[in-house]
Student: 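This structure is in structure tokens; I'll ask about it shortly.
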There are 2 protein chains.
Amino acid sequence: MSQKIESTNLGAPRVCPIADALDVVGERWSLLVLRELGFGVHRFKDIQINTGAPRETLALRLRKLEECGVIERRRYHDHPPRDEYVLTARGRELGPVLTALREWGERISGGAAERGPAA
Amino acid sequence: MSQKIESTNLGAPRVCPIADALDVVGERWSLLVLRELGFGVHRFKDIQINTGAPRETLALRLRKLEECGVIERRRYHDHPPRDEYVLTARGRELGPVLTALREWGERISGGAAERGPAA
DNA sequence: ATTTGTCGGTTCGATTTTCGAACCCACTCA
DNA sequence: TGAGTGGGTTCGAAAATCGAACCGACAAAT
């Protein structure tokens, strides 16, 4: 971040791909959901326990991520209908975000690193 | 993300550096604030306009980021007291997160890339 | 000299989001 | 048969965010 960018005060919020990305994955729990999928955890109950997300919020997040093409559902049981969730190619492209967050998080907590998704 | 990780259901949310990182920067507006500082925008009013954050929320975020050692205040005027905000070394280490988000955001929106902070 | 405008907040009620408890139904298992 | 599981949904409570208004110390305009 040594590159200096002119401040841009256009009187309106800056239009920026970072903001676009955060519109999709910036809500509470979304990135942790994606972390779990990357770890190979795909079922609602498991995602819910591992992230700590409340079930309704998790259901909302999964729905939104699916609508945005980041994840998709796969039926693993028909009676009753049971879906698991997997990353799409687009979702997998968020790997570098998660990796960067993990590396920064390791620095600030200085704790034991947990094996995470490789970029 | 080709590496397969065993699911871990310990009955409690997973302890993970990603979650630690999101505790610091995962709140609404925080990463956009850091984006602005990386762009060389340091003053409250400018950050506020460029991010679109409401002023109270922005004040809260700046305070928290300062407490977490991600940013610091610098006095640029004494009467009245006026501070601007700069990234600490720790804050600059979030560059890869912002870069990864930008790159992903560019993919999903397919729009014109805006010059952003270099990692 | 006076008035208006700017800045960086703070205050506060309204709105939105998140949360936790309870409920639902279709199964599976003891 | 009754208890448990899974993936939700419902709903009121709690928390977070928001937008409007206010504040005081200046600076700029008149």
Side-chain angles (χ1 to χ4, degrees), chain A residues 7-14 19 22-37 40-68 71-86, chain B residues 7-14 19 22-37 40-68 71-86:
Chain A
S7 72
T8 301
N9 292 335
L10 301 175
R14 189 191 294 270
L22 290 173
D23 281 344
V24 176
V25 302
E27 287 174 317
R28 180 144 168 81
W29 303 117
S30 295
L31 284 169
L32 291 182
V33 168
L34 300 177
R35 175 196 71 185
E36 290 303 313
L37 298 186
V41 178
H42 297 289
R43 297 188 177 186
F44 190 97
K45 182 69 182 285
D46 296 333
I47 296 166
Q48 195 260 316
I49 288 176
N50 285 358
T51 57
R55 283 152 64 183
E56 185 187 4
T57 311
L58 179 56
L60 286 174
R61 296 291 177 275
L62 289 167
R63 214 172 290 151
K64 175 168 177 175
L65 291 169
E66 187 186 1
E67 281 163 13
C68 293
I71 68 174
E72 65 193 6
R73 291 169 185 250
R74 293 226 183 118
R75 183 63 40 103
Y76 74 88
H77 203 264
D78 268 327
H79 300 288
R82 293 281 181 255
D83 294 331
E84 54 186 20
Y85 300 88
V86 297
Chain B
S7 72
T8 301
N9 293 334
L10 302 176
R14 189 190 294 270
L22 291 173
D23 282 344
V24 176
V25 301
E27 287 173 317
R28 181 148 167 78
W29 303 118
S30 296
L31 284 169
L32 292 183
V33 168
L34 299 176
R35 175 196 72 185
E36 289 304 311
L37 298 186
V41 179
H42 297 289
R43 296 189 177 187
F44 190 96
K45 183 69 183 287
D46 296 333
I47 296 166
Q48 195 261 314
I49 289 176
N50 286 358
T51 57
R55 284 153 59 187
E56 186 187 5
T57 311
L58 178 57
L60 286 173
R61 293 293 174 275
L62 290 167
R63 214 172 291 150
K64 175 165 178 177
L65 291 169
E66 187 187 2
E67 283 163 12
C68 292
I71 67 174
E72 63 194 6
R73 290 168 184 252
R74 292 227 184 118
R75 184 61 38 101
Y76 74 88
H77 203 263
D78 269 326
H79 300 288
R82 291 278 182 254
D83 293 331
E84 56 186 19
Y85 300 87
V86 298

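Lettering follows sequence order; numbering is per chain, from 1. All values below come from the heavy atoms of this structure, side chains included, with hydrogens, waters and symmetry mates left out.
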Student: How many Å lie between CG on A/L62 and P on C/dT18, as a whole number?
Tutor: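 Roughly 14 Å, once rounded to whole Å.
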
Student: Taking atom C1' of C/dT16 as reference, at what distance in whole Å does atom CD of A/E27 sit?
Tutor: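 About 12 Å, once rounded to whole Å.
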
Student: It should be established whether B/H77 places a side-chain nitrogen or oxygen under 4.0 Å from OP1 or OP2 of nucleotide D/dA27.
Tutor: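 It does, given that an N or O in the side chain of B/H77 lies less than 4.0 Å from OP1 or OP2 of D/dA27.
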
Student: Could you go through A/L62 and A/F44, starting from their C-alpha distance and side-chain angles, then the distance that decides it, and tell me whether this counts as side chain to side chain contact (heavy atoms under 4.5 Å, CB included)?
Tutor: CA-CA 9 Å; A/L62 289 167; A/F44 190 97; 3.7 Å; yes

Student: What's the CG-P distance between A/L60 and C/dT18, to the nearest Å?
Tutor: 8 Å

Student: Ignoring hydrogens and angles, tell me if any N or O in the side chain of A/Q48 forms a donor-acceptor pair with the backbone of A/A53 under 3.5 Å.
Tutor: yes

Student: Taking only N and O in the side chain of B/Y85, is any of them less than 4.0 Å away from OP1 or OP2 of C/dG9?
Tutor: yes

Student: Taking only side-chain nitrogens and oxygens of A/R73, does any of them come within less than 4.0 Å of OP1 or OP2 of D/dG8?
Tutor: yes

Student: May I have the distance from A/I49 (atom CD1) to D/dG7 (atom C1'), rounded to whole angstrom?
Tutor: 13 Å

Student: Does any donor-acceptor pair link the side chain of B/R43 with the base of C/dG8 at a separation under 3.5 Å?
Tutor: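 No, the side chain and the base share no sub-3.5 Å donor-acceptor pair.
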
Student: Assuming nearest nucleotide by heavy-atom distance, tell me which of B/A59 and A/E56 is located more 5' along DNA chain C.
Tutor: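 Mapping each residue to its closest nucleotide by heavy atoms, the 5'-most match is B/A59.
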
Student: With a cut-off of less than 4.0 Å, is there a side-chain N or O of B/T57 near OP1 or OP2 of D/dC18?
Tutor: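 Yes, B/T57 has a side-chain N/O under 4.0 Å of OP1/OP2 on D/dC18.
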
Student: Assess whether a salt bridge exists between B/E84 and B/R82, defined as any Lys/Arg side-chain N lying under 4.0 Å from an Asp/Glu carboxylate O.
Tutor: no

Student: Can you measure A/D83 atom CG to C/dA26 atom P for me and round it to whole angstrom units?
Tutor: 17 Å

Student: Tell me whether the side-chain N/O atoms of B/W29 come closer than 4.0 Å to OP1 or OP2 in D/dA16.
Tutor: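 Checking D/dA16 against B/W29, no side-chain N or O comes under 4.0 Å of OP1 or OP2.
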
Student: How many whole angstroms separate atom NE2 of A/H42 from atom C1' of D/dG6?
Tutor: 17 Å

Student: Does OP1 or OP2 of D/dG7 have a side-chain N or O of A/Y76 closer than 4.0 Å?
Tutor: yes

Student: Which pair of non-hydrogen atoms, one from B/N50 and one from B/E36, has the smallest distance, and what is that distance?
Tutor: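 Taking B/N50 first and B/E36 second, the nearest heavy atoms are ND2-OE1, 2.9 Å.
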
Student: Given 3.5 Å as the limit, does a donor-acceptor pair link the side chain of B/R61 with the main chain of B/L31, or not?
Tutor: no

Student: Between B/H79 and D/dA25, is there a contact of a side-chain N or O with OP1 or OP2 at under 4.0 Å?
Tutor: no

Student: Look at the side chain of A/R82 against the base of D/dG6 and say whether a donor-acceptor pair falls under 3.5 Å; ignore hydrogens and angles.
Tutor: yes

Student: Ignoring backbone atoms, test whether A/K45 places a side-chain nitrogen or oxygen under 4.0 Å from the OP1 or OP2 oxygen of D/dG7.
Tutor: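 It does not, given that no N or O in the side chain of A/K45 lies less than 4.0 Å from OP1 or OP2 of D/dG7.
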
Student: Figure out the CZ/P separation between A/R63 and D/dG7, and round it to whole Å.
Tutor: 14 Å

Student: Which whole-number value in Å describes the distance from B/F44 CZ to C/dG8 P?
Tutor: 8 Å

Student: When you measure from the side-chain N and O atoms of B/R28 to the phosphate of C/dT17, is any distance below 4.0 Å, counting only OP1 and OP2?
Tutor: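 No, no such contact exists.
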
Student: Quick one: label A/Q48 by what it contacts on the DNA or RNA (base, sugar-phosphate, nothing), any heavy atom closer than 4.0 Å.
Tutor: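 Nothing, no heavy atom under 4.0 Å.
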
Student: Within the structure, does a side-chain N or O atom of B/R61 lie under 4.0 Å from either OP1 or OP2 of D/dC18?
Tutor: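 No, B/R61 has no side-chain N/O under 4.0 Å of OP1/OP2 on D/dC18.
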
Student: Work out which heavy atom in A/K64 is nearest to a heavy atom in A/V24; give both atom names and the distance.
Tutor: CE-O, 4.1 Å

Student: Think B/R55 has a side-chain N or O under 4.0 angstrom from the OP1 or OP2 of D/dC18?
Tutor: no

